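Comments concern the structure below.
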Amino acid sequence: MSVWNTRPGPPAARRTKLASSLDRLGGRREAPDRATGADGADSKLLEVSHLSTHIWTRAGVVRAVDDVSFELDYGETLGLVGESGCGKSMTALSILRLVPEPAGRIVGGEILFEGEDLLHLSAEQMRDRRGGRIGMIFQDPMTSLNPVHRIGDQIAESARIHLGLSQRAASDRAVELLDKVGIPRARDRARDYPHQFSGGMRQRVMIAIALACDPILLLADEPTTALDVTIQAQILELIVSISAEFHTAVILITHDLGIAAGMCDRINVMYAGRIVESGAVDEIFNRPRMPYTSGLMASIPGLSTARGQPLRTIEGMPPNLIDPPAACRFAARCSDAREICHAGEPELTSRGGPDHHARCWGTDTGGWLP
Amino acid sequence: GQAGPSASVPAETGPAESAVPSTTPEAAVESLRAGMVGDESTLNPYTYVTGFPGWNLLMLQYDSLLQFDVNGEPQPWLASGYEVSADGLTYTVTLVDGVTWNDGTPFTADDVKFTVDYFQANTQSRFTRDLSGVASVTVDAPNKVTITLTSPNPSFPIRALADVPIIPKHIWESVTTPAEATFDSPTNVGTGPYKLVEYVADQSYRFVANETYFRGAPAVKELVLVQYADEAGIVAALRTGDVQAGFRSISPEQVEALAAAPGIDVAQGPEFTTQMLYFDVTKAPFDQLAVRQAISLAIDRQDMVNTVYLGKGTVGNSGWTHPSSPFFNAAVATTTDVARANALLDEAGLTDSNGDGIREFDGNPMSFELLAPSDNPLRLRLAELSREMLAQIGIDAVVTSIERDTLVNRVWPDFDVSKGRDYEMSIFGWSAPVQVDPAQITALVASDPAVGSINIAGFKNAEADRLSGEILVEGDPTRRKDLLGQLQALVADQVPFVMLLYPDGNYAYNADAYDGWAFIAGQGVVNKLSFLQPDSRP
Amino acid sequence: MTAGGVSLPELPEPAVRLESTPIGAPAAARGRLTIDGTTVIGLVGVVLVGGLILTAILAPFLAPYDPRERVGIPFQRPSALYPLGTNDIGQDLLSELIYGARVSLTVGIVAATVALIIGTTVGVLAGFYRRIVGSVLMRFVDILLIIPFLPLLIVLAAYLGRSLLNTILIIGVLIWAATARVIRSQVLSLTQRDYIRAARALGASDARIIGRHILPRVLLLGISQFVQATSGAILLEASLSFLGLGDPLQKSWGSILYWAQVRGAFLTDAWLWWVLPPGLLIGAAALGFALMGFALEQRINPQLRSGR
Amino acid sequence: MRTERRSSRVLQYVLVLLIAITLNFMLPRMMPGNPLALLAGADVGLLSPEQRAEVAARAGLDRSIVDQYTAYLGDLASGDLGFSYRQKRPIVDMILERLPWTFLLAGSALLFSAVVGVALGAFSAWRRGRPADLTLLGVMIALDSLPSFWLGMLFVSFFAVQLGFFPSGGAITAASSLEGVDLVLNIASHAVLPVLTLSLLSVPGVYLTMRYAMLSVLGEDFIRTARAKGVSERGVLFRHVARNALAPVATVLALRLGLAFGGTVVVETVFSYPGLGRLIFEAVSGRDYPVMQATFLVFTVAVLLSNLLADVLYPLIDPRARAT
Amino acid sequence: MLGYRHGGLAAVTAPVERAAPVDGGARDLVEVDDLKVHFPIFGSLGRRHGDVRAVDGVSLRIRRGETFGLVGESGSGKTTLGHAILRLVHSTAGQIRFDGQDVAAVGARELRRLRRRMQIILQDPYGSLDPYLRVEAIIGEALDIHGLDQGPDRKPRIAALLSLVGLDAQYANRFPHAFSGGQRQRIGIARALAVRPEFIVCDEPISALDVSIQAQILNLLLRLRSELGLTYLFIAHDLSVVRHISDRVGVMYLGTMVEVGPAVSIYARSGHPYTRALLSAIPVPNPGAERRRRRVILRGDIPSPASPPPGCRFHTRCWLYEGLGSPERCRTEPPIPRTIAPDHQVACHFADETLASEVGVVQSDAPVQVGPLPDVPMHGAPMPGAPMPGAPM
Ligand SMILES: Nc1ncnc2c1ncn2[C@@H]1O[C@H](COP(=O)(O)OP(=O)(O)OP(=O)(O)O)[C@@H](O)[C@H]1O
Ligand SMILES: Nc1ncnc2c1ncn2[C@@H]1O[C@H](COP(=O)(O)OP(=O)(O)OP(=O)(O)O)[C@@H](O)[C@H]1O
Ligand SMILES: [Mg+2]
Ligand SMILES: [Mg+2]
């Protein structure tokens with residue numbers, strides 16, 4: 001039994017035993033000090049600005065990600081929440097430049113990662129970032145592993161590509177990682193194939209793959225949605241402890257506000273291809289400024305809501321991303337919408353706290369922006 | 001298919017009109033390659049497969065007592081001569097001296113007696129049938145045997161003496177199941193001009209000349225037969241030079257094309273196979289003479305020869321016998337007259353009462369199924385042309401192409417005419433032996449199944465039966481010819497079937513490679529004479 | 001051999017799904033070019049097949065002669081009078097070719113229809129009544145698929161005799177197994193669908209479920225199978241006719257080739273006008289249907305559309 | 001469970017084999033026509049009824065169908081395929097003589113089409129949606145739509161008859177005492193056209209399978225995982241896509257091995273090639289029951305063996321099928 | 001029959017005939033006794049390798065008018081139990097009585113009548129509607145099968161059903177693909193309501209939906225229950241949802257019922273370590289509460305239902321078992337349910353120890369006030385005949 005506390009400790013620099021042993025093994029380049037970043041406290045690990053990703057379909061161009069900007073600090077966990085189809089996955093895939101081509105294309109913006117614009121890297125350089133500095137975990141562990149390769153090899157592949165390890169060293173490392181993510185008898189299990197693993201174990205393997213090269217950024221796209229609630233808890237615990245231990249920044253994509261509340265330092269709420277609210281987790285949950293965010297939270301029957309009572313709902317459904325309205329995209333579903341809401345689109349503006357932004361015509365004080 | 005001829009043609013009939021120039025090869029040809037179709041197994045008397053060319057190839061290694069000459073007449077061969085007793089029952093045969101089997105053992109009269117006894121004891125359909133009338137064989141001397149028949153048989157020399165291969169006693173006496181015995185180079189022993197030295201199933205045969213052959217060393221030292229899937233394969237191989245001769249008659253459309261090819265000649269001549277139009281004369285309306293006569297009159301045989309055989313055939317004679325036959329009754333005329341045919345039908349009251357272009361009988365339209373074998377394109381075409389011609393006299397023939405064996409089974413169930421028949425009309429034909437032995441016409445028309453064994457039309461006519469009976473026992477050649485002429489006239493008049501045409505044999509070869517071919521009428525070039533020096537030929 | 005016609009491979013349990021992609025869920029990624037390409041491929045197929053069907057229908061107006069009539073002397077070279085020459089008994093080859101479209105296309109389409117009917121029936125029954133009926137039927141299908149095809153075809157053709165109807169029946173009866181398999185796996189997955197369960201819960205009878213929910217769903221798949229089977233059937237008819245196992249008296253493209261073969265046309269110059277055209281037409285017809293089938297399959301099977 | 005699975009699979013094959021054997025026995029006998037003509041030779045009509053009966057009895061045709069069947073099974077069990085009516089030789093010999101030729105044709109054609117088909121299929125999948133892919137796809141579907149006999153006929157007509165490059169038929173220049181390299185060259189020159197015909201016709205099948213398999217693998221989630229690991233395009237294509245596509249492709253190839261046997265019928269007929277395919281065609285047209293039965297059986301066994309091969313191969317390639 | 005034209009909503013869906021309870025209303029609507037549903041595992045030649053014991057000895061009572069919530073991990077047999085009650089799967093052993101009638105024993109005709117009284121709403125709104133049929137046909141099929149409202153009554157009745165679930169009547173002509181998930185689920189509900197059932201199995205009807213839509217559907221179900229007096233078996237894996245809607249809750253694990261009790265009691269004082277673990281695993285959208293919470297993480301995976309562990313099926317993953325030093329009882333003896341509170345049974349040998357533990361106890365936090373709740377009457381109170389406001393699209 002393990003009883004744990006969700007929060008990682010204060011983001012102090014910690015190099016773990018595993019991390020340093022990996023350094024020894026791979027003799028890889030030394031990462032800049034992960035607590036502060038190479039260029040001092042000012043610079044962020046990831047700065048996404050005005051990112052737009054479109055998908056061409058027969059019906060028209062889907063603006064899956066529409067002018068999205070956000071930042072991520074070293075070691076920080078950022079939640080990306082929102083309804084299905086709002087562009088969360090596309091955002092993550094855009095960062096890795098894995099948007100399904102040729103239908104999808106990043107049409108604009110800039111993604112500064114450790115100071116470099118990922119969109120300007122060559123394919124070769126980009127591959128070097130993928131799986132190296134940036135790891136990714138996908139939603140469905142049942143299909144995300146190659147069924148014909150051994151578990152160990154799939155983990156080792158990353159290490160071999162990015163750390164240039166020998167076959168032997170790479171597989172030793174795979175065993176070490178498997179052990180790390182809590183697979184018992186790791187050395188034996190490394191020789192198994194994915195189908196011999198349960199869903200939860202596969203997701204652990206996915207995490208091991210993502211962590212194989214000690215990434216500085218981990219993208220987790222709904223890593224627990226496909227899992228049972230008790231297994232979900234196992235995986236979440238793993239991600240938390242690992243990210244704390246490796247001091248890895250995490251972008252956690254989820255539609256479960258509960259998970260976001262428990263896991264994240266900061267939250268970005270997305271709606272119809274845009275970020276509509278962002279801020280520190282307590283700010284977002286305790287003082288939501290966007291009716292959409294509060295609506296989402298109110299729709300969840302919590303342990304504290306009155307049983308049997310109707311819940312607050314958000315009626316209607318998100319707009320079509322092929323031809324989004326020029327107004328506030330949420331206006332059509334917003335119970336507080338006024339004329340202005342249907343007239344023009346508000347900017348993402350600072351609210352209340354320094355790190356709290358919302359895209360709403362309503363003001364903090366309950367009034368309305370001009 | 002075709003079967004090897006076992007009868008003679010009279011001397012006055014020349015072989016092929018386009019007779020092959022008989023050159024005298026100065027030196028023997030080293031090797032000759034010829035193409036054939038279909039495997040003939042190990043080529044001994046019990047295993048060869050078809051009458052043609054199986055029997056013909058068999059006889060390259062074996063000899064019979066008599067041998068056809070190029071005119072198709074039986075001549076002394078292993079027998080230096082024979083005498084027939086007055087009652088026609090006893091044949092005394094004298095053998096040539098100094099003949100040896102190709103394994104060195106001397107050939108004697110014992111081998112002849114053994115051969116007859118063996119074929120009688122171990123059924124081989126053709127030879128057992130040939131020898132079925134033999135009561136006994138006695139060896140009078142090492143070079144003399146007496147063969148006694150149970151009843152007189154004027155066809156005996158043609159059908160038995162010139163047909164049955166003599167087999168070596170010292171080899172065969174230990175063979176108990178001949179059809180299943182394995183024959184190979186040491187056991188394949190004959191007296192013939194060639195010895196089979198190599199057989200690769202489905203691919204080839206290799207014969208080498210018997211240099212000590214009693215008629216002299218053959219003109220071709222090595223003979224290689226290559227098997228092809230079909231005629232086209234042979235033609236292609238002839239053109240590419242893979243083979244120098246085709247042991248199969250080339251279809252008419254290829255003749256000109258091949259003859260035009262450099263170095264390639266085509267030997268043409270009569271083959272006694274037949275193409276006929278049959279109907280079940282036991283069934284209405286074919287039981288009416290007028291209908292049969294009208295059909296015969298409606299068929300334009302020349303058109304068929306020209307269109308389907310491109311002229312490479314002989315127009316059928318309504319008396320059935322080939323004009324080249326010594327027994328041909330020249331008085332029997334064959335006419336095409338559509339108007340008279342229509343008149344005949346009108347007279348018989350078979351008119352087209354409903355104006356649909358088809359006559360009626362007993363209220364039924366004169367519409368019949370005309371069977372044609374699906375594997376024989378030329379017969380299919382003959383059927384199509386027949387349909388067209390019969391349409392002119394208000395008879396609707398619906399051509400049905402069916403599997404050859406199915407057709408045979410319907411026309412001739414279990415090969416037994418006493419079992420009846422299940423067809424209306426059919427294109428059918430007989431192999432060469434049926435035409436070569438003039439007496440065989442009786443088998444076509446006699447109503448007693450024992451005599452009319454191939455009377456598949458179900459024809460029954462008292463006069464025909466009488467004539468048949470006489471023909472079978474008549475020993476006097478002139479009288480026999482007269483009787484045969486009468487029967488031909490009767491056939492032409494009664495129309496038990498419609499004789500359409502006799503196809504020609506066309507054998508392509510490369511004249512530069514070898515040119516010594518002997519075309520035996522009704523048999524073609526595939527025979528041992530083709531490979532003997534001209535002075536060795538009878 | 002031409003056995004299955006276009007052998008779009010059957011992968012273990014093809015995952016054929018017909019649902020339109022749910023709104024909101026990421027649709028299978030589609031390359032623009034692939035879609036366009038598929039459309040073009042399908043259109044080429046439609047044009048080919050349409051052209052040939054039109055030819056067949058308009059044969060009496062297009063053909064210069066009655067193909068059964070001997071209009072010239074045999075074995076003529078092409079001339080103004082006979083654009084493709086004459087055959088071995090003087091029938092006009094061009095007219096034969098034009099009328100041949102009727103037989104070849106009829107055999108193809110009707111045989112494929114027979115296969116579609118049997119295959120769909122067996123597939124639906126085997127998929128719906130999975131246990132006993134299903135396993136018995138599928139064992140039968142297995143055996144049919146394992147028995148050497150062409151030999152069986154040859155024997156059946158020989159047994160049943162030659163007629164157009166028999167050719168159609170033989171081909172139809174032998175090629176349904178593949179259709180049955182594909183349909184069955186589709187039905188198997190359909191019966192697991194929730195809306196079938198819902199219909200059951202409403203008290204719907206088996207007949208109603210099959211008729212209303214299963215059949216309409218397998219229809220599209222059936223059509224794609226049908227189109228591909230047509231292509232195969234046309235080739236089979238040609239092969240059978242060529243081997244002399246069809247009805248040589250029917251004017252089909254295969255039988256024209258049969259006559260060309262038995263009368264030695266391909267050993268002479270005649271291959272140019274006697275052998276080439278019918279072969280090309282057979283190819284064109286088979287290709288037309290195959291292309292249509294291919295395009296249809298691309299549309300139906302989302303797995304084929306994906307790939308990034 | 002694993003052994004049980006395997007044993008039940010074997011059971012299934014035995015069942016199919018039994019049914020095939022029975023069918024093989026029944027089908028030739030269902031054919032119209034009388035084998036007597038063959039047994040007795042062309043002059044059967046001139047035989048007396050007694051002689052005919054004797055001939056039939058010698059071939060065992062006089063016995064009841066059940067007797068014939070049990071005798072047939074008994075002979076099969078002892079490896080005796082019977083005696084040819086037509087060639088009057090043990091069928092085992094005939095088949096053994098022809099088997100190598102068919103193996104040569106089918107084997108080389110399969111090898112050729114496997115290499116070419118897999119390579120082109122992979123290429124197409126890699127260029128999916130581009131003009132090169134679509135062109136190749138069109139060509140392959142077109143090739144697949146050509147009748148095999150026609151292609152063979154054209155080859156004979158063009159390469160053998162008109163140009164004289166290759167022999168027009170046969171497997172080897174008959175009765176030529178060739179040895180060593182000459183022999184090999186001779187055999188090879190005979191095999192070129194039939195192998196080419198067979199290959200051209202089976203390349204599309206392999207190609208389409210490969211392309212299809214690769215495309216469906218390309219759409220799988222784990223390919224995205226591989227990309228996210230930073231695997232290069234080549235690595236994705238070879239290590240991940242091709243490796244996964246291998247299982248269906250190998251299965252199809254194994255199954256084709258069995259089908260290739262049957263596929264030789266037409267080509268061997270066109271090229272007068274002395275293989276099993278021609279044997280069966282000859283046997284059918286000649287009503288050689290025992291040969292028909294035996295060749296049917298060989299074809300069936302070939303298909304069964306190739307199915308078995310596929311079954312054995314699949315789990316070797318796809319670990320999921322190795323489930324315990 | 002009540003006319004849809006004259007009555008309110010109730011008239012639209014009121015059961016055509018409602019059999020009087022056999023023994024005067026005291027009887028529970030659904031009675032399940034020691035139910036077992038086993039699925040045979042077949043080999044390739046149809047040989048049976050064993051059984052998946054999807055439901056393995058479950059007993060429960062569902063009272064008239066109550067909502068019975070069923071939770072448990074994936075594969076624990078919830079769906080199978082629901083299907084067995086409707087006889088969508090054959091039960092291997094045990095008894096199911098609906099309103100006193102043995103569901104397994106009735107003939108085809110009677111079964112059809114029964115299925116008019118019980119209905120099911122399925123989890124996947126995308127898979128549960130035939131994409132080839134128009135909405136009208138989908139809902140109409142329910143009417144056709146039972147011969148209800150045929151002829152001129154059919155169209156208006158379908159329209160009334162649609163408006164009952166908050167959809168515009170003009171949608172009747174559309175195909176399912178034109179609808180969002182939430183709308184599709186409404187269509188599914190309308191289909192179930194078409195036959196005027198008394199009892200509905202809701203098999204995870206909201207799991208596949210977005211949070212915002214989930215609330216809409218939950219509200220709709222709540223409203224229908226109060227208006228139509230429906231009885232629900234509500235299956236979910238989300239404990240907070242179950243708690244919100246249910247009167248009583250059953251917790252399933254590997255085919256068995258490990259705990260049954262009033263919702264309040266279960267959430268406040270669960271006596272089963274598994275329930276505790278489930279409770280502790282629910283993430284709540286409240287960073288403060290999350291931070292303070294003590295979670296229990298179960299080790300390992302759910303064992304295969306084909307070979308469940310002996311004794312207490314949960315012992316392989318049980319935190320308490322570990323804490324107690326692996327008592328042998330848990331491994332050998334299947335626990336018998338016992339009552340730990342009124343109407344609250346637990347199948348655990350060490351229920352007392354569990355009760356004493358703090359693990360997974362839900363701290364009641366101050367509710368997060370996120371704005372005014374819509375003015376909707378409470379459970380049980382009648383509601384005016386207007387459809388819910390703000391119907392989508
Ligand atoms: N391959 C594709 N083709 C067409 N549209 C696509 C494709 N992939 C995604 N989209 C569209 O892009 C938009 C954003 O998709 P995305 O996958 O980022 O959503 P999401 O927020 O991750 O949703 P979910 O919670 O369902 O995963 C959606 O409207 C989706 O329909
Ligand atoms: N038709 C079937 N055949 C065989 N096994 C089945 C069948 N239906 C269900 N099962 C098995 O029975 C067990 C219980 O399944 P069930 O669907 O009832 O679980 P559940 O609790 O509803 O799970 P979920 O939350 O995933 O819906 C599972 O292991 C499942 O695999
Ligand atoms: Mg997503
Ligand atoms: Mg379920």
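To find a chain, count down the sequence lines: A is the first, B the second, and so on, and within it residues start at 1. Predicted, not measured: the structure shown is a model, and the values here were computed from it. Only this structure's heavy atoms are used, side chains among them; waters, hydrogens and symmetry mates stay out.
Interface residue E:Leu133: only side-chain heavy atoms are found under 4.5 Å from chain C. For C:Arg212, the parts lying under 4.5 angstrom from a heavy atom of chain E are both the backbone and the side chain. Looking at E:Glu141, the atoms closer than 4.5 Å to chain C (heavy atoms on both sides) sit in the backbone and in the side chain alike. Heavy-atom distances place both the backbone and the side chain of E:Arg191 under 4.5 Å from chain C. For E:Ala137, the parts lying near chain C are the backbone and the side chain together; criterion is any non-hydrogen pair under 4.5 Å. There is no contact between E:Leu111 and chain C, counting heavy-atom distances below 4.5 Å.
Interface remark: of the candidates E:Leu86, E:Leu88, E:Leu114, E:Leu88 forms the most heavy-atom pairs closer than 4.5 Å to chain C. Ranked by heavy-atom pairs under 4.5 Å with chain C, the list E:Ser128, E:Ala192, E:Gly188 is led by E:Ser128.
Partners of C:Ile209 under the side-chain contact (heavy atoms from CB on, under 4.5 Å) rule, at least two apart in sequence or in another chain, are C:Phe128, C:Ile196, C:Ala199, C:Arg200, C:Ala204, C:Ile214. Applying the side chain to side chain donor-acceptor pair (under 3.5 Å) criterion to C:Arg197, with sequence neighbours excluded, gives C:Asp194.
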Check: Please walk me through it: do E:Gln101 and E:Glu110 pass side chain to side chain donor-acceptor pair (under 3.5 Å)?
Finding: CA-CA 10 Å; E:Gln101 236 175 335; E:Glu110 193 55 30; 2.9 Å; yes
Checklist line | Verdict with reasoning, E:Val201 to E:Phe234, per side-chain contact (heavy atoms from CB on, under 4.5 Å) | finding: CA-CA 6 Å; E:Val201 175; E:Phe234 191 94; over 6 Å; no
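Below 30°, between 30° and 60°, or above 60°: for C:Tyr195 and C:His213 the angle between ring planes is between 30° and 60°, a tilted geometry.
Under 4.0 Å is where a charged nitrogen must lie from a carboxylate oxygen, and between E:Arg174 and E:Glu136 no such pair does.
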